[in-house]
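A short write-up of the structure that comes next.
Numbered from 1 within each chain, the chains take letters A, B, ... in sequence-line order.
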Amino acid sequence: MMNLPNPVSSPKPRVRFAPSPTGFLHVGSARTFIFNWLYARRTGGTMILRLDDTDVERNTDASVQSIFEGLEWLDLGWDEEYKQSARGALHRQMADAILRKGLAYRDFTPAHTGDSEKSGAQGTWLFNPGMREMSRDESDRRAAAGEPFALRFRVPREAGTVVRFTDAVYGEQVKAGADIEDFALLRSDGMPTYHLASCADDADLRISHIIRGQDHLSNTFKHVLIFQAAGYTPPQFAHLPLLVAPDGTKLSKRRHGPVVSVTTYRDAGFLPEAFINFLCLLGWSPKNDREHMSREELVGAFSLEGINRANAVVNFKEPATTAEETFDPKAIWLNAEHIRGLAIADLSQRLLPVVRQAGFAVAPERMLQITPLIRERIKLLRDVLTAADFFFVDQLPPYDPAELIPQKGDPAMALKVLQKAQAVLPNVEFRHDPLDQALRAAAQELGVKAGQMFQPIRVAVCGRKNAPPLFETLEVLGKETTLRRIEQALENLS
RNA sequence: GUCCCCGUCGUCUAGCCUGGCCUAGGACAUCGCCCUUUCACGGCGGUAACACGGGUUCAAAUCCCGUCGGGGACGCCA
């Protein structure tokens with residue numbers, strides 16, 4: 001899977017998705033992946049997956065697994081794959097080069113103890129004067145003596161110095177050097193920081209476009225500084241508006257829970273293509289009111305110009321109770337749209353594992369018969385379990401016999417109808433048209449409306465009022481099961 | 001605190017750069033009607049937004065300034 005970069009330098013774009021394996025793949029990361037992928041496919045470029053795993057403390061194998069699991073479900077693929085932890089030599093080499101040019105300095109200040117508590121980040125810390133100004137000789141001497149140090153970038157902070165770049169989404173960006181702190185390049189254990197490793201790899205992998213979340217917009221000034229210090233032209237940047245929760249804050253695994261995990265969508269029965277479609281509509285627009293789009297259509301329509309600047313709310317419900325309530329209604333609608341657009345055979349195949357996983361033994365041929373009856377009635381693949389349950393079970397779960405009583409009818413009518421059905425059905429061929437004719441004729445003989453005839457039968461065979469159309473249902477259920485269930489309904493009624 | 005970004009219906013968005021065609025369009029959600037053997041699908045219709053205040057202009061959602069609001073970054077995390 002580990003590919004070597006193409007040795008022939010190509011003008012085609014090279015983009016990358018660089019997650020850090022510190023948790024499951026969340027929807028914001030998934031969207032970043034998708035936008036990068038779309039851009040690569042649209043332009044005939046190369047999609048690179050790079051695991052940014054330089055934080056040994058927090059990286060876990062479980063997280064790596066979870067990220068791959070999510071990406072595999074998306075089923076988009078990538079062309080090259082790298083692991084940052086295997087490229088340490090390259091990172092140190094770049095740090096060295098920057099130090100030698102005098103653009104970085106050693107900071108012998110002991111590492112801060114309280115790491116994760118934000119209190120330290122509140123003030124306006126820019127640099128440690130004693131360290132920034134230390135002579136080269138003293139610095140070399142102390143380093144040679146084995147004293148640990150962090151390597152910091154010497155940010156040019158003379159009056160009037162600015163760092164600038166043009167973002168493909170946010171436009172011209174300028175920041176005074178005096179407003180950028182002397183960020184670390186190397187930790188005191190010699191490991192590269194994210195900023196260094198990321199830039200060194202982006203330069204080495206000849207990344208042409210960095211498409212990532214807007215939370216990195218202000219970090220980008222540091223990255224521009226690193227690229228320039230190391231003698232590289234910075235790539236094109238394109239920052240994506242953030243995906244935020246209904247409370248307005250950026251989606252976080254810790255605060256918002258499983259709703260932000262890609263696998264949650266998978267497990268709830270989303271189609272990957274629908275999920276991708278939904279994510280694309282968050283922070284990007286094809287500008288022509290199109291919403292339901294296939295992968296191919298998305299590839300054809302995607303452009304950096306279509307990306308918005310304002311954050312987008314993923315409209316899920318915080319205290320989620322049912323799947324319907326958990327997810328953004330538009331995601332559910334889009335999923336239903338994609339389901340309706342699927343060929344019966346295709347949908348059937350995707351439904352089968354869901355049904356089997358729930359513990360029902362269903363033959364593929366039978367699933368193929370059931371699928372057309374529920375395609376317009378399910379929004380998530382998992383809905384098959386509640387929409388078609390009566391096809392799977394041998395014995396219907398108990399239901400209220402009062403349900404058997406038709407509109408504007410009484411128990412006597414229910415009884416009459418079911419008995420009539422019991423009498424007529426054995427001699428009817430169980431296909432749509434014959435059933436239709438026979439049951440309508442029966443209703444007429446009984447002097448009841450068609451609906452009054454159908455409802456008791458529907459409840460008898462399905463166990464509830466809301467179900468797929470009756471004749472098709474009976475056809476799939478078969479004569480034997482139908483008559484048995486009518487018999488049971490009759491017993492329940494008395 | 002410092003710096004950066006953003007602000008059109010409840011939500012996703014079109015329009016903004018290149019002012020007038022905007023009595024602001026589409027979609028989801030919601031409400032109502034129709035279709036109909038139930039449900040669903042489908043069809044039709046309704047409610048609903050240019051954050052606010054100043055400019056500039058014959059004319060501003062669109063340009064300028066300010067205010068307010070929201071978000072993000074500031075770590076030897078990524």
Side-chain angles (χ1 to χ4, degrees), chain A residues 18-22 52-55 57-59 107 109-112 114-118 120-126 148-152 167 170-171 173-176 178-181 183-195 197-198 213-222 239 241-242 244 246 248-250 278 281-292 308-315 328-334 336 340 374-379 387 406-407 436 439-440 443 449-455 457-459 462 464-471:
Chain A
S20 62
T22 56
D52 278 7
D53 56 350
T54 52
D55 185 357
E57 301 279 299
R58 301 200 304 157
N59 292 165
D107 184 345
T109 312
H112 285 98
D115 43 314
S116 58
E117 45 191 87
K118 286 277 183 179
Q122 233 82 59
T124 316
W125 177 89
L126 288 173
F149 62 86
L151 190 71
R152 287 188 183 282
D167 189 272
Y170 289 92
Q173 302 295 316
V174 186
K175 193 168 189 167
D179 288 327
I180 304 169
E181 76 281 4
F183 53 94
L185 260 18
L186 249 30
R187 305 176 202 166
S188 48
D189 62 2
M191 287 293 284
T193 61
Y194 159 75
H195 299 303
S198 177
Q214 192 236 47
D215 44 353
H216 280 298
L217 192 59
S218 35
N219 282 152
T220 305
F221 295 100
K222 299 170 193 167
H239 286 87
L242 259 24
V244 299
T249 61
K250 117 174 141 159
F278 168 66
L281 263 18
L282 258 24
W284 172 80
S285 159
K287 311 289 186 197
N288 60 183
D289 290 338
R290 297 244 7 230
E291 300 206 302
H292 176 181
N308 303 132
R309 282 168 287 279
N311 291 168
V313 174
V314 181
N315 202 9
D328 191 313
K330 196 150 196 170
I332 293 180
W333 169 75
L334 265 175
R340 279 178 233 127
I374 59 168
R375 185 171 55 171
E376 268 77 48
R377 270 163 267 266
I378 59 174
K379 295 180 160 143
Q407 287 275 309
D436 189 337
L439 259 16
R440 278 183 203 279
K449 291 186 173 176
Q452 293 175 315
M453 180 79 205
F454 302 156
Q455 190 191 309
I457 302 174
R458 176 180 296 112
V459 174
C462 301
R464 67 179 123 86
K465 286 178 185 167
N466 298 348
L470 188 58
F471 312 129

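Picking from B:C28, B:U37, B:G25 the nucleotide with the shortest atom distance to the side chain of A:D289 gives B:G25. Side-chain proximity of A:V313 to B:A14, B:U11, B:G71: nearest is B:U11. Distance from the side chain of A:D179 is smallest for B:C3 among the nucleotides B:C3, B:C39, B:C5. In this structure, of B:A73, B:A29, B:C6, it is B:C6 that holds the atom nearest to the side chain of A:A310. Of the candidate nucleotides B:A73, B:U37, B:C76, B:A73 has the atom nearest to the side chain of A:S218. Picking from B:C76, B:C39, B:C4 the nucleotide with the shortest atom distance to the side chain of A:Q173 gives B:C4. Nearest nucleotide to the A:W333 side chain, out of B:A27, B:C5, B:C12: B:A27. Set against B:U37, B:C39, B:A27, the side chain of A:R458 has B:U37 as its closest nucleotide.
At the heavy-atom level, A:K449 lies nowhere under 4.0 Å from the strands shown. Residue A:P469 is in base contact, counting any heavy-atom pair closer than 4.0 Å across all strands shown. Within the 4.0 angstrom heavy-atom criterion, base atoms lie near A:A467. Within the 4.0 angstrom heavy-atom criterion, base atoms lie near A:S188. Looking at heavy-atom distances under 4.0 Å, A:T54 makes contact with sugar-phosphate atoms alone, never a base. Across all strands, A:F471 comes closer than 4.0 Å to base atoms (heavy-atom distances). Looking at heavy-atom distances under 4.0 Å, A:P19 makes no contact with the nucleic acid at all. No contact: A:N288 has no heavy atom under 4.0 Å from any strand. No engagement by A:Q455 is indicated, since no non-hydrogen atom pair under 4.0 Å with the nucleic acid exists. Contacts of A:D52 with the nucleic acid, taken as non-hydrogen atoms under 4.0 Å apart, involve only primed sugar atoms and P, OP1 or OP2. Within 4.0 Å of A:H292, counting heavy atoms only, lies no atom of the nucleic acid at all. Contact annotation for A:R375: no contact, since no heavy-atom pair falls under 4.0 Å across all strands. Using a 4.0 Å heavy-atom cutoff across all strands shown, A:R309 reaches sugar-phosphate atoms only and no base atom. Nucleic acid contact for A:G283: sugar-phosphate only, since backbone atoms but no base atoms lie under 4.0 Å from a heavy atom of the residue.
Listed by chain and number, the residues in a side-chain contact (heavy atoms from CB on, under 4.5 Å) with A:S285 are A:K287 (sequence neighbours excluded).
Look at A:N308 and you won't find any side-chain N or O under 4.0 angstrom from OP1 or OP2 of B:C6.
In this model, no side-chain donor or acceptor of A:K287 finds a partner on the base of B:A14 within 3.5 Å. One donor-acceptor pair, N or O on each side, does fall under 3.5 Å between the base of B:G26 and the side chain of A:E291. Side chain A:K465 to base B:C39: no donor-acceptor pair is found below 3.5 Å.
Residue-environment remark: CZ (A:R464) exceeds the threshold of 12 foreign heavy atoms within 6.0 Å.
Checking B:C77 for Watson-Crick or G-U wobble geometry (two distances, each under 3.5 Å) identifies no partner in any strand. When Watson-Crick and G-U wobble pairs are counted only if both distances are under 3.5 Å, B:A51 pairs with B:U67.
A salt bridge does not link A:R152 to A:E181: none of the charged nitrogens lies less than 4.0 Å from a carboxylate oxygen.
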